[in-house]
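Read the structure below first, then the notes.
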Amino acid sequence: MTTNNGRSHKAQKVLERFEKKLNRQVVGSLVACVHCGNCTESCHYVLSNPGDPTYAPAYKADRIRRIFKRHFDWTGRVLPWWVHAESVYTDEDLEELKDIVFGKCTNCRRCTINCPMGVDFATFNRMARGLLVSVGVMPEGVAVVSKDQWEIGNQMGVLKEDYIDTLEWMSEELQSEMEDDTATIPIDKTDCDVVYSINPREVKYDPRTIADAAKIFWAAGENWTMPSEGWDMTNFGLFSGDDELGGAVSRRLYEKVSELRGKKLVISECGHGYRSTRCEGPNWAGMDINDFVMESSVLTMLRYIKEGRIKVDKSKNPDPVTFHDSCNNARSCGLFEEPRELLQLVCEDFREMYPNRAENYCCTGGGGAMSMSEYTPRRLKSAKVKAEQLKATNTKAVVTSCHNCVDGLTDVIRHYKLGMEVTQLVNLVANALVIEPKPVTVPVEITPPVAEAGELAGRRILVADDEPDFVTFISTVLQDNGATVFEAFDGVSALEMARKEQPDLMTLDITMPGKSGDEVFELMRNDPELRSIRVCIITGQPELRRVIYDRAVRPPEGFIDKPIDEESLLLNVRKILEVQHESK
């Protein structure tokens with residue numbers, strides 16, 4: 001089918017849509033190239049296929065640039081022969097363009113950082129992909145993955161029941177390993193500090209990464225959850241150039257985090273997932289994200305170690321490892337130093353790969369290339385430079401913070417027989433964890449001599465806090481003043497002890513393993529057997545006072561900021577229990 005001007009219907013639609021996609025960034029890159037050739041030696045396709053000029057970034061860019069000049073730049077309209085302006089007329093022309101924009105570029109942006117004019121080929125190459133996708137011209141794998149993400153909600157077509165089953169299975173494995181019933185993967189828990197989103201590859205092919213992340217969250221005493229729907233933080237719209245798909249996928253995730261009232265969205269190790277969710281998604285979705293923050297799990301794990309929330313022993317990872325910078329994490333999002341800092345903390349022998357950081361070579365699986373099976377031979381041939389880079393490290397494993405890179409590097413290692421394995425930071429951190437034995441919750445009941453009963457005689461007080469030294473201090477002060485004291489070191493034990501002993505007062509810390517203090521408080525206020533127990537919050541997070549008081553059915557009877565001294569503790573306890581103080 002052709003139009004009146006002799007073009008196929010698809011070619012005409014591509015040209016009509018082209019104009020709508022032109023913006024300052026795209027046009028600037030289309031007109032700025034001076035054909036200096038600096039980009040040529042930066043491209044892994046060129047370096048692995050010497051003598052073939054069709055792989056040069058400038059050559060590939062010109063296939064798109066000629067269309068722009070013919071229809072949207074005055075030079076092409078006036079002197080088309082001079083500037084080599086050309087148009088597209090047939091479906092065969094579109095197929096040729098598809099081979100260039102999908103089959104000869106992974107949108108890694110290495111050519112961009114080596115361009116003195118700042119030409120961002122990946123940006124308008126993605127735009128060209130989107131034009132072709134809009135008329136149905138794309139590799140079959142791109143069509144299948146996009147369809148799954150549109151219709152099922154994730155790019156690997158994982159059904160909800162399979163996703164939930166996997167999380168429950170990982171929960172059971174974790175509980176068995178840790179010998180702790182509180183070591184679970186919460187699902188759709190509201191008002192959490194962390195909502196954890198993942199790549200569907202983790203569910204389908206590598207659930208150990210989910211279990212390792214859960215182990216780290218448990219060890220850190222994190223108040224976290226995973227959503228039952230809208231959990232896919234990957235976004236094939238970044239690869240296909242389909243902004244509508246990009247917006248729909250991002251919106252699902254953002255709305256789910258808001259629905260759960262999560263304070264922070266933590267994005268598992270995935271380069272394009274991190275970039276599309278944190279950097280590109282708000283623009284595609286047309287949303288201003290104000291009610292939660294977003295960060296890579298790499299930053300989360302590093303912070304846990306620095307804050308002392310988890311302890312690690314690097315001797316548990318003794319083998320030499322190197323690090324592969326994901327193109328999207330590194331070149332596009334500036335995540336260079338944090339992964340290396342984390343590796344130094346959890347590995348004994350970290351060796352740099354050269355070149356690295358912004359100059360690192362693509363894993364050859366970027367830009368959705370892993371879904372385009374028709375280009376596999378070309379992709380693996382073009383991986384020669386990456387294989388040489390990996391081999392030169394003389395290590396047993398390559399670490400990467402990207403699931404796409406895990407698959408791309410695995411293919412390269414297998415094809416070139418490098419004898420290496422691929423792993424991620426979450427696996428290394430989980431393996432290096434130092435798990436200290438949890439304190440056994442034993443009720444301590446001391447009946448002081450009648451003659452020295454003290455002003456709190458007859459009062460039963462439960463002290464709940466995960467810091468043993470702090471519990472000892474509070475208990476000693478209360479016992480010296482006549483109280484009968486019980487102790488709990490985590491949220492679950494605190495609830496069990498409260499139900500069993502029915503104390504007159506519970507002192508409650510906010511940050512505890514198992515169940516957080518605010519969760520324990522909320523459960524108590526909604527439980528007929530526990531709601532009458534008076535509660536005094538003692539925490540090092542005074543900023544939570546307003547949150548707790550605003551949300552509570554009945555506010556706590558007391559709220560004390562850490563650090564605390566004996567006088568302040570007794571003053572508040574007397575007030576809550578309505579005990580008259582007699583001066584000595």
Side-chain angles (χ1 to χ4, degrees), residues 23-66 68 100-129 238-239 241 271-272 275 279-280 322-337 339-340 352-369 378-379 381-390 392-393 400 402 404-405 408-409 412:
N23 55 37
R24 182 181 301 176
Q25 184 183 20
V26 170
V27 173
S29 291
L30 284 167
V31 302
C33 180
V34 294
H35 295 85
C36 66
N38 277 8
C39 60
T40 303
E41 292 301 311
S42 69
C43 179
H44 67 273
Y45 281 96
V46 174
L47 296 174
S48 299
N49 295 275
D52 189 342
T54 65
Y55 285 106
Y59 178 91
K60 293 180 286 190
D62 276 349
R63 304 304 98 187
I64 305 168
R65 188 174 287 115
R66 290 180 179 187
F68 167 75
I100 293 169
V101 300
F102 283 104
K104 291 187 175 181
C105 179
T106 58
N107 285 350
C108 78
R109 301 184 74 234
R110 194 170 190 268
C111 58
T112 298
I113 66 168
N114 285 283
C115 176
M117 307 304 293
V119 172
D120 193 343
F121 173 48
T123 293
F124 64 83
N125 191 72
R126 177 184 177 273
M127 181 270 295
R129 287 185 175 192
L238 181 66
F239 295 154
H272 99 268
R275 177 184 171 189
C279 307
E280 310 286 358
T322 190
F323 183 69
H324 165 80
D325 291 279
S326 156
C327 300
N328 283 305
N329 274 337
R331 272 189 286 275
S332 293
C333 295
L335 199 63
F336 299 121
E337 305 309 324
R340 289 171 168 80
E352 278 288 8
M353 180 188 302
Y354 295 96
N356 53 56
R357 295 174 171 83
E359 290 286 353
N360 191 29
Y361 291 110
C362 177
C363 71
T364 75
R378 182 188 298 173
R379 175 174 63 83
K381 182 182 178 184
S382 300
K384 182 181 178 183
V385 64
K386 189 70 206 181
E388 292 171 347
Q389 190 188 21
L390 289 167
T393 65
T400 182
C402 175
N404 208 51
C405 293
L409 293 170
V412 172

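For this chain, numbers begin at 1 and follow the sequence in order. Both backbone and side-chain heavy atoms feed into the values below; hydrogens, waters and symmetry mates do not.
A 4.5 Å side-chain heavy-atom check between C279 and S332 finds every atom pair outside the cut-off. When side chains are defined from C-beta on, C111 counts as touching S42, because their heavy atoms get closer than 4.5 Å. Using a 4.5 Å heavy-atom cutoff, the side chains of E359 and N114 are in contact.
Judged by distance alone, with hydrogens and angles left aside, the side-chain atoms of N356 form a donor-acceptor pair with the main-chain N or O of M353 at under 3.5 Å. Side-chain atoms of N23 come within 3.5 Å of backbone atoms of V26 as a donor-acceptor pair (strictly under, hydrogens ignored). In this structure, K104 contributes its side chain and K60 its backbone to no donor-acceptor pair below 3.5 Å. At least one donor-acceptor pair under 3.5 Å links the side chain of R331 to the backbone N or O of C108. Between the N125 side chain and the F121 main chain, no donor and acceptor come within less than 3.5 Å of each other. For K386 (side chain) and Y361 (main-chain N/O), a donor-acceptor pair under 3.5 Å exists by modelled atom type.
Put simply, NE2 on H324 and CG on L390 are 8.5 Å apart, with the number rounded to the nearest 0.5 Å. For the atom pair CG of D325 and SG of C402, the computed distance is 11.0 Å after rounding to the nearest 0.5 Å. Taken from OG in S48 to NZ in K381, the straight-line distance is 9.0 Å, to the nearest 0.5 Å. The CZ atom of R275 sits 5.0 Å away from atom CG of L238, with the distance rounded to the nearest 0.5 Å. Note: F68 CZ to M127 CE = 9.0 Å, rounded to the nearest 0.5 Å. How far SG of C105 is from CD1 of I100: 11.0 Å, rounded to the nearest 0.5 Å.
In this structure N38 satisfies the side chain to side chain donor-acceptor pair (under 3.5 Å) test with no other residue, sequence neighbours excluded.
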**Asked** So V119 and F124, side chain to side chain contact (heavy atoms under 4.5 Å, CB included) or not? Walk me through it.
**Response** CA-CA 9 Å; V119 172; F124 64 83; 4.0 Å; yes
**Request:** Give the intermediate values and the outcome of side-chain hydrogen bond (donor to acceptor under 3.5 Å, both in side chains) for residues N360 and Q389.
**Result:** CA-CA 9 Å; N360 191 29; Q389 190 188 21; 2.8 Å; yes
**Evaluation steps, side chain to side chain contact (heavy atoms under 4.5 Å, CB included), between C115 and C39** = CA-CA 6 Å; C115 176; C39 60; 5.5 Å; no
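Contact record, P53 with Y59: O-CB, 3.5 Å, taken as the closest heavy-atom pair. The two atoms that bring S382 and V385 nearest to each other are O-CG1, 4.2 Å, heavy atoms only. In plain terms, the two heavy atoms of G365 and R379 that are nearest each other are CA-CD, 4.3 Å. Between A122 and R109, the closest heavy-atom pair is CB-CG, 3.3 Å. The two residues T40 and P57 make their nearest non-hydrogen contact at CA-CD, 4.0 Å.
Geometrically, R129 does not engage F239 in a cation-pi contact defined by less than 6.0 Å to the ring centre and at most 45° from the axis.
Considering T364, T400, N404 in turn, T400 is the only one that fulfils the side chain to side chain contact (heavy atoms under 4.5 Å, CB included) rule with L409. Of the candidates T123, D120, N107, D120 is the only one forming a side chain to side chain donor-acceptor pair (under 3.5 Å) with T112.
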